[in-house]
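Accompanying notes for the structure given below.
This one's a predicted model, so the numbers in the text were calculated from it and none came from an experiment. Throughout, protein chains are lettered first and strands after them, A, B, ... in sequence-line order, and every chain is numbered starting at 1. For the numbers below, each heavy atom of this structure counts, side chains included, while hydrogens, waters and symmetry mates do not.
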Amino acid sequence: MAEYSPKEIEKKWQAKWEEEKIFEAADFSKKSKFFVLDMFPYPSGEGLHVGHPRGYIGTDVIAHYMRMKGHNVLHPMGWDAFGLPAENYAIKTGVHPAVSTEKNIKRFKEQMKLIGLSYDWSREINTTDPDYYKWTQWIFLLLFERGLAYQETLPINWCPSCKTGLANEEVVAGKCERCGAEVTKKNIKQWVLKITDYAEALLEGLNELDWPEKIKEMQRNWIGKSEGAEIQFPISNSQFSIKVFTTRPDTIFGATFMVLAPEHELVEKIVTPEQSSQVEEYREKTKIKMDIERQLEDKKKTGVFTGAYAINPANRKEIPIYIADYVLPSYGYGAIMAVPAHDERDFAFAKKYNLPIEEIELDKTAKQATKWLEKKGCAKPAINYKLRDWIFSRQRYWGEPIPLVFCPECKKRVENSKIPRPQRFASELARVAMRAGKPKSNPKSKFKIQNLEFNLGEILNPGWVALPEEELPLTLPALEKYEPTGTGEPPLAQAKDWVETICPKCGGKAIRETNTMPQWAGSCWYFLAYIMLGEQNQKAKIQKLNSKFKIQNSRLIKYWLPVDFYVGGAEHAVLHLLYSRFWTKVLSDAKMINFDEPFLKLQTIGLILAPDGQKMSKSRGNVINPDEIIEKYGADTFRIYEMFMGPFDQPIAWEPKGINGARRFLQKVWEIFEKSQISNLKSQINSNVKNPNIQKEMHRTIKKVSEDIEQMKFNTAVASMMEFVNEVQSPRSKVQSQRLEDFLKILAPFAPHISEEMWSMLGHKESIFKEKWPKYDPKIIIENEVNLVIQINGKVRGTIIVPTGLSEKEAVNLALKSEKIQKWFTPLDSKHLTGREDKKIQKTIFVKNKLINFVVE
RNA sequence: GCUGGGAUGGCGAAAUUGGCAAACGCACUGGGUUUAGGACCCAGCGGGGCAACCCUUGAGAGUUCGAAUCUCUCUCCCAGCACCA
């Protein structure tokens, strides 16, 4: 008997699959398509640990299953390779990020291949490849020309350690998502994408998606829609009035004072001379305070009176106007009507500053109150979103260059022209104001000034000129030093030759934008890139990407997209998943694609923790490397164990000894198979080895495994295969190899190598993955006998084996005859006497094929 | 504080969705095999009890012939958000 030695057979089959390209997807096919996608990784220098492949193995099982079910499956992999670690490494060592990235990718790919994942490597993508980021830049320009990108000086989240700005989504509990440093504020000119225009579309789109409720809810919270009213409060003895947003206009009679954010633009206009020094001091203090501090101060309320009063439009009462940092400039209008009787924070503030608390409310719902106020001419219904626009600039080197130049001459042209700039870009406060959340579906795209054509982005951002498509990709220049300056000036500013250029529009002197795009840019559209890479050789691939992408609603896009099944970590709930939905909607509005949601079904993965229950990390020294596990146990064992450990979407600690069970299982499979080879020979002499039990068990297992795979319940799928093997292995079973063929097919997605090996040992020439997924016969599964449970007053008192489909009458007869049951009605000995004599059956409950319950008194 | 998800043997977990709680696996115990260790095989493995039986799904109540599953109250844990007007 041959030993089971995974190392040899795994190497052999991996080579064969690659050589025969059996996992490459065909563009177009009569088969129905199925696009199953993993969130592509950032190829870090640390390589994969045993946690990463959990998702990849899960999608691999799905991919194999769907192929065998007769679908044309697209299952690609690529690299999200822009990002800080490569750049930080470059700063330390001088090695160009492209060089270290390439090395890391090679390592990742090797590790993935060791696991035997069935990716279509002919479609591999890499976001840092200029032929890839050409299109990231191209899409950025599409957003720009549609008026969805604008530049503004903003107090942005600034990570002093990474020396770069961060998006709101990248700030976690006041700390940098990447390095954990405290985030501060810095005023920097930034490119910002108007994701807020899509707030409503992003919110509504969630309803149709088959995503975990948790992720949808996180996105809903992030978008943060609230409905209410905007109300004008005139300021006494002044031309100004304060606009507030409230969800409770019905509480307006209880509004006894007003609070403005210290940053509010009206503050300097209304403050009285007596109060101005105090107010100024408070505003200065607030400026230095960061958001985090505001939060950490245990929500203690501070504020200063402005000296001014507003008039409550509901009752014409004069109420004082305060500034306080508990009112945020970035939400609503940065101003509130304070209703201390109703709102905790207002209450705390009122207590502290001795302001009146009045419990008077309108006897109306919020909606009715809005109407009532609307009639008085001081309010209108309003919707507000928490969602902020997406700060898109990074002051770093290793990212996509932003394909814009700044031309002073063109700036004059735009500013001197009479084309009006839309008001909404006038100020920050206006920027965050309420809006319907709906973009113009077809923004006017061309404006002529002095015979030069300007697009909407160029009008909105005077002086900024888009690179023409022919000049893409705008590649990153070589640098000697990657260190950020720390002043906010990006490293690219040092590349003088690169920065100084000519304006593609007017030919005048111009300078390039030196900020780069954030890490999320490349992943916003990568699912499209896999489709564009449909051809078989590398050069043709890139050409195809270059030539076909613009084709509106190309056949390829229509065939493959959207993604049918997407698997990845929940940590991307409001970053990648929101951003790529946004870009997809823009591409859809621009008629580049014919769908507006990229991922129809989403499944999240539970983290695999180190045996100590901690997150695996190099610094903790608790990393378990898949290479070592595979070296010791084989890839199939590794795959089985990863799927068997526990529910797919729940976190779980790696249990070093647990993997033994998976190995034993495959060992048994191996041995049973070899035995069956022998018994198969015997069967030619004695054909009387058919075993109906095994057949039934087989069909039942096929059913269970099929259903479980479809529900991502891999742990119970493996468990049921283990049960089958235990059954087959037990001495009372004799097995024909015929029956085992189906078993190999259902095992194959989980343990592809051993399955292929045994399949070929059975004499098959073709790969097992060319086989059809076995069907189970429901008739075979039906039992002709069932174990009928007999209960008395709901307690199990015995079971009887009865023919399937037994009627109630017969069942009752049989049950009452059973000795075990009878003793509960008739006293047998003194010990049983107590309370048991003269039992009368009050009621009988009968569930066909399941149980019979006698209710006795 | 708000939102979402949880709590079942020593551990990871199952439970056809209201019908035999603990499948499958890990660990453990006893035995076999072995020079020894490992590997492997057999048996056992929620608690109590010699047994008949009794008890057991975070706590308590309820609905029901019957509850891990449904309802209510509470406790604790995990995740996300958080001065969002």
What pairs of residues pass the salt bridge (Lys or Arg N to Asp or Glu O under 4.0 Å) test when at least one of them lies in residues 645-668 of chain A, not counting sequence neighbours?
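Applying salt bridge (Lys or Arg N to Asp or Glu O under 4.0 Å) to every pair that reaches into residues 645-668 of chain A, excluding sequence neighbours, yields nothing.
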So, do A:Tyr641 and A:Trp654 have ring centers that fall under 6.0 Å from each other?
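They qualify: ring centres under 6.0 Å apart.
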Are the aromatic rings of A:Phe245 and A:Tyr333 close, with centres under 6.0 Å apart?
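Judged by ring-centre distance (under 6.0 Å), A:Phe245 and A:Tyr333 do not meet the cut-off.
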Under the rule for side chain to side chain donor-acceptor pair (under 3.5 Å), what residues qualify as partners of A:Thr716, not counting sequence neighbours?
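For A:Thr716, the residues satisfying side chain to side chain donor-acceptor pair (under 3.5 Å) (neighbours in sequence not counted) are A:Asp708.
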Taking the C1' atom of each, how far is B:C53 from B:G37, in whole Å?
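Those two atoms are separated by 45 Å.
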Pairwise P distance, B:U71 and B:A22 [rounded to whole Å]:
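The answer is 25 Å between these two P atoms.
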Keeping A:Arg639 on the side-chain end and A:Phe750 on the backbone end, is there a donor-acceptor pair under 3.5 Å?
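Side chain of A:Arg639 to backbone of A:Phe750, a donor-acceptor pair under 3.5 Å: yes, one is there.
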Output one letter per nucleotide in nucleotides 29-34 of chain B: B when a protein non-hydrogen atom lies under 4.0 Å from the base, S when only the sugar-phosphate is that close, - when neither is.
------
Give me the distances for all protein-to-nucleotides 11-14 of chain B N/O pairs that come in under 3.5 Å?
{"unit_1": "B:G12", "atom_1": "O2'", "unit_2": "A:Met645", "atom_2": "O", "d": "2.6"}
{"unit_1": "B:A14", "atom_1": "OP1", "unit_2": "A:Asn715", "atom_2": "ND2", "d": "3.1"}

At a heavy-atom distance below 4.0 Å, what parts of residues 658-669 of chain A sit against RNA chain B?
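Nucleic-acid contacts, sorted: A:Gly658, A:Asn660, A:Gly661, A:Arg664.
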To the nearest 0.5 angstrom, please state how far the NZ atom of A:Lys386 sits from the OG1 atom of A:Thr196.
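One gets 15.5 Å once the value is rounded to the nearest 0.5 Å.
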Mind telling me whether B:G9 is syn or anti, cutoff 90° either side of 0?
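Syn, angle within 90° of zero.
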Tell me whether B:U17 sits syn or anti, counting syn as a glycosidic angle within 90° of 0.
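Here the answer is syn: the torsion falls within 90° of 0.
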N/O to N/O distances under 3.5 Å, protein versus nucleotides 7-9 of chain B:
none

Let's see if you can work this out: which of B:U3, B:A79, B:C20 has an atom nearest to the side-chain heavy atoms of A:Lys214?
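Of the candidates, B:A79 comes closest.
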Does any non-hydrogen side-chain atom of A:Ile790 lie less than 4.5 Å from one of A:Thr799?
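Side chain of A:Thr799 against side chain of A:Ile790, heavy atoms only: no contact under 4.5 Å found.
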Using a 4.5 Å cut-off on heavy atoms from C-beta on, say whether the side chain of A:Ile754 contacts that of A:Leu747.
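Touching, per the 4.5 Å side-chain cut-off.
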Could I get a table of every N or O pair under 3.5 Å where one atom is in the protein and the other is in nucleotides 44-46 of chain B?
none

Hey, what's the ring geometry for A:Trp390 with A:Tyr579, parallel, tilted or perpendicular (30° and 60° as the breaks)?
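Taking A:Tyr579 first and then A:Trp390, their aromatic rings lie parallel (interplane angle under 30°).
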Which label fits A:His576 and A:His572: parallel for a plane angle under 30°, tilted from 30 to 60°, or perpendicular past 60°?
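Aromatic pair A:His576/A:His572 classed perpendicular.
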Please list, chain by chain and in numerical order, all residues satisfying side chain to side chain contact (heavy atoms under 4.5 Å, CB included) with [X], sequence neighbours excluded.
| X | value |
| --- | --- |
| A:Glu710 | A:Tyr65, A:Lys69 |
| A:Gln232 | A:Ser241, A:Lys243 |
| A:Pro340 | A:Thr256, A:Phe257, A:Asp346, A:Ala350, A:Ile357 |
| A:Phe644 | A:Val718, A:Ala719, A:Met722 |

Integer-rounded Å distance: B:A39 P and A:Lys632 NZ:
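Nearest whole value for this atom pair: 10 Å.
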Answer with base, sugar-phosphate or nothing: what part of the nucleic acid does A:Asp343 contact at a heavy-atom distance below 4.0 Å?
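Answer is nothing: A:Asp343 stays at 4.0 Å or more from every strand.
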Carboxylate-amine/guanidinium proximity below 4.0 Å for A:Glu723 and A:Arg700
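No, A:Glu723 and A:Arg700 are not salt-bridged.
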ring-ring contact (aromatic ring centres under 6.0 Å, His included) partners for A:Phe638, two or more places apart
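ring-ring contact (aromatic ring centres under 6.0 Å, His included) list for A:Phe638, sorted by chain: empty.
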